[in-house]
Amino acid sequence: MTVSHWQRAGQQAREVDFLVVGAGLVGGAAAYFARQAHNRQVVVTDARAIAQGASGRNAGFMVSGLGVYYHRAIEQYGHATAREVWALSRRSFDHWRAFIAASPFPVPLDNCGSLLLAESPAEAAELEATARALEADKIDIRYYPRDPLGRGYHAAIEQPLDAAVQPYLLARSVTAQSGAEVINNNEVYRLEAAGDRVLVYSRKYLFTARYALLCINAYAPQLDPYFRGKVRPTRAQCLVTEPLAAPPLPYCGYSDYGYMYYRSTFDGRFLLGGGRKYYREAENDTSDDRLNPAVQAYLDRYLQRYFPDVQAPVAQRWSGIMGFSADGLPLVGSLPGKPRIGFAVGFNGHGLALGAAAAELAVGKLLTGSAAGAFDAERFE
Ligand SMILES: Cc1cc2nc3c(=O)[nH]c(=O)nc-3n(C[C@H](O)[C@H](O)[C@H](O)COP(=O)(O)OP(=O)(O)OC[C@H]3O[C@@H](n4cnc5c(N)ncnc54)[C@H](O)[C@@H]3O)c2cc1C
């Protein structure tokens with residue numbers, strides 16, 4: 001949203017060393033690396049508040065790798081890139097676990113591992129091919145040729161190093177540990193390069209920053225045309241039940257090529273999300289986070305079909321907006337001709353898998369010109 005002539009009268013000028021735009025998991029981690037690893041004075045600003053975007057609304061799965069199965073990632077990106085991205089997700093997990101260990105308040109984490117489940121024989125064949133590719137790369141997994149849960153799935157892969165977290169508290173903790181000042185309720189609506197400074201126009205302030213880093217994921221195309229066609233806002237929806245007597249699943253479960261996901265929460269409820277695969281027209285290319293009743297009805301049917309033992313009523317339903325990149329890999333870089341305006345966006349529904357490593361790479365690239373590897377947005381040039 002722009003600012004009018006009348007509103008501008010109330011705006012203040014403010015000098016900043018390193019400005020992070022977006023206070024989600026990625027913005028919080030970027031603030032931490034800029035402050036703690038590079039000793040910059042950091043301000044984080046957000047249109048809303050800490051983790052009000054996807055970071056506070058996701059399912060909390062720390063699942064290794066990309067959204068596509070591993071053998072498909074090898075076909076699509078090449079073996080070296082698939083391996084590199086896998087390693088970056090493990091690096092992200094190390095960072096999140098270190099933040100949780102050092103947190104000033106408890107952040108629930110369950111090192112429960114994940115189960116990727118096949119909903120059809122065709123998906124089972126995909127899972128088997130992916131299991132073989134992971135084993136060939138000496139990645140620790142277990143393949144089940146049948147449904148280990150006895151719920152009507154066809155095969156599964158267990159990834160024992162994956163985990164479930166409380167993502168909203170994690171984002172708040174990471175931002176708190178960054179030591180950065182946070183300015184909420186302050187949408188940024190324009191950035192300009194001005195010599196060795198960046199002018200950042202926002203609702204409350206006209207910032208003059210040495211560096212600005214955009215960590216606004218799905219919202220990037222709204223702020224700068226560079227991201228149009230590179231990042232697509234996409235809605236994801238969830239529900240959670242009232243507490244259950246016993247958890248139906250001791251893992252993070254994923255199926256239908258990652259389009260469906262489910263877990264137990266830390267207070268004994270069952271969380272189920274996904275369903276957008278069958279409603280792409282409504283769910284893709286939107287930043288409107290109102291619920292789509294058709295997707296929620298699909299989630300209800302899925303719950304009845306695969307988890308009929310979950311009898312508790314649904315307590316809450318919500319949605320959030322994810323950023324999908326044009327080629328399925330995150331984008332780290334700086335705006336063309338504006339080397340002091342960096343970005344880390346396009347997490348394809350896997351910000352907990354890749355966000356901390358991407359934030360570290362983005363800060364390093366912006367401040368020191370270090371390489372961003374597979375995430376480098378120069379691949380689009
Ligand atoms: C329902 C759902 C389930 C998901 N499940 C998982 C999961 O289990 N595992 C996983 O890894 N990922 C999951 N994801 C994806 C994950 O949540 C995201 O990849 C991750 O949160 C991205 O973090 P971020 O900090 O880049 O973006 P966000 O958390 O969206 O933060 C961006 C911030 O930028 C702010 N902003 C935007 N524009 C401006 C502006 N112009 N000025 C100032 N501020 C601005 C927003 O207010 C927002 O706070 C899920 C997402 C959803 C919605």
Side-chain angles (χ1 to χ4, degrees), residues 1-2 19-31 44-67 89 92-93 96 114 162-165 167-168 170-171 174-175 182-191 200-204 212-224 227 231 233-240 252-254 258 260-263 271-276 283 287 289 291 295 299 317-325 330-331 343-356 358-359 362:
M1 198 189 294
T2 53
L19 182 72
V20 175
V21 182
L25 283 160
V26 177
V44 180
T45 195
D46 197 286
R48 293 173 282 182
I50 296 173
Q52 294 300 309
S55 296
R57 296 165 176 275
N58 63 60
F61 290 17
M62 286 163 47
V63 172
S64 310
L66 284 162
S89 69
S92 282
F93 293 180
W96 299 137
S114 70
D162 294 346
V165 69
Y168 175 65
L170 176 60
V174 172
T175 308
V182 180
I183 302 173
N184 290 327
N185 193 16
N186 188 43
E187 184 175 346
V188 168
Y189 62 93
R190 188 152 60 102
L191 295 102
V200 183
Y201 295 81
S202 69
R203 196 177 78 72
K204 293 182 191 168
L213 184 67
L214 305 179
C215 299
I216 55 175
N217 201 29
Y219 308 92
Q222 288 175 16
L223 184 57
D224 195 284
F227 297 105
V231 178
T234 305
R235 183 166 52 209
Q237 304 195 40
C238 286
L239 60 77
V240 77
C252 293
Y254 252 115
M260 294 304 303
Y261 39 94
Y262 20 87
R263 61 172 276 196
L271 182 155
L272 174 73
R276 68 186 171 82
E283 302 306 292
S287 301
D289 67 1
L291 293 178
V295 174
L299 297 182
R317 301 174 189 268
W318 70 93
S319 77
I321 308 298
M322 311 180 289
F324 275 72
S325 69
L331 278 75
F343 54 80
V345 298
F347 290 99
N348 304 294
H350 280 66
L352 275 166
L354 301 168

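First listed ligand is number 1; within each ligand, the first listed atom is number 1.
Below 3.5 Å of separation, one finds no N or O of G320 facing any N or O of ligand 1. The N/O atoms of C238, backbone and side chain alike, include none that comes under 3.5 Å of an N/O atom in ligand 1. Close N/O approach between F347 and ligand 1 is not found [any backbone or side-chain N/O within under 3.5 Å]. Residue G351 has at least one N or O atom closer than 3.5 Å to an N or O atom of ligand 1. Note: an N/O pair closer than 3.5 Å links A59 and ligand 1 by distance alone.
Near N217, meaning under 4.0 Å from any of its heavy atoms, are these atoms of ligand 1: 22 (C), 26 (O), 27 (O). Within ligand 1, the atoms closer than 4.0 Å to a non-hydrogen atom of M322 are 51 (C), 52 (C), 53 (C), numbered from 1 in the order shown. Using a 4.0 Å cut-off to heavy atoms of R57, the atoms of ligand 1 that qualify are 1 (C), 2 (C).
When the heavy atoms of G53, G355, A49, C215 are ranked by distance to atom 32 (C) of ligand 1, first place goes to C215. Taking only non-hydrogen atoms, the option from I216, T234, V188, N58 nearest to atom 6 (C) of ligand 1 is N58.
Counting heavy atoms under 4.0 Å from ligand 1, residue S319 does not touch it at all.
With respect to atom 23 (O) of ligand 1, the closest heavy atom belonging to the protein is S55 OG, 3.2 Å. Among all non-hydrogen protein atoms, the one lying nearest atom 7 (C) of ligand 1 is F61 N, 3.7 Å. Ranking the protein heavy atoms by distance from atom 49 (O) of ligand 1 puts D46 OD2, 2.6 Å first.
Annotation: salt bridge (Lys or Arg N to Asp or Glu O under 4.0 Å) contacts of R48 (sequence neighbours excluded): none.
Between W318 and ligand 1 there is no heavy-atom distance shorter than 4.0 Å.
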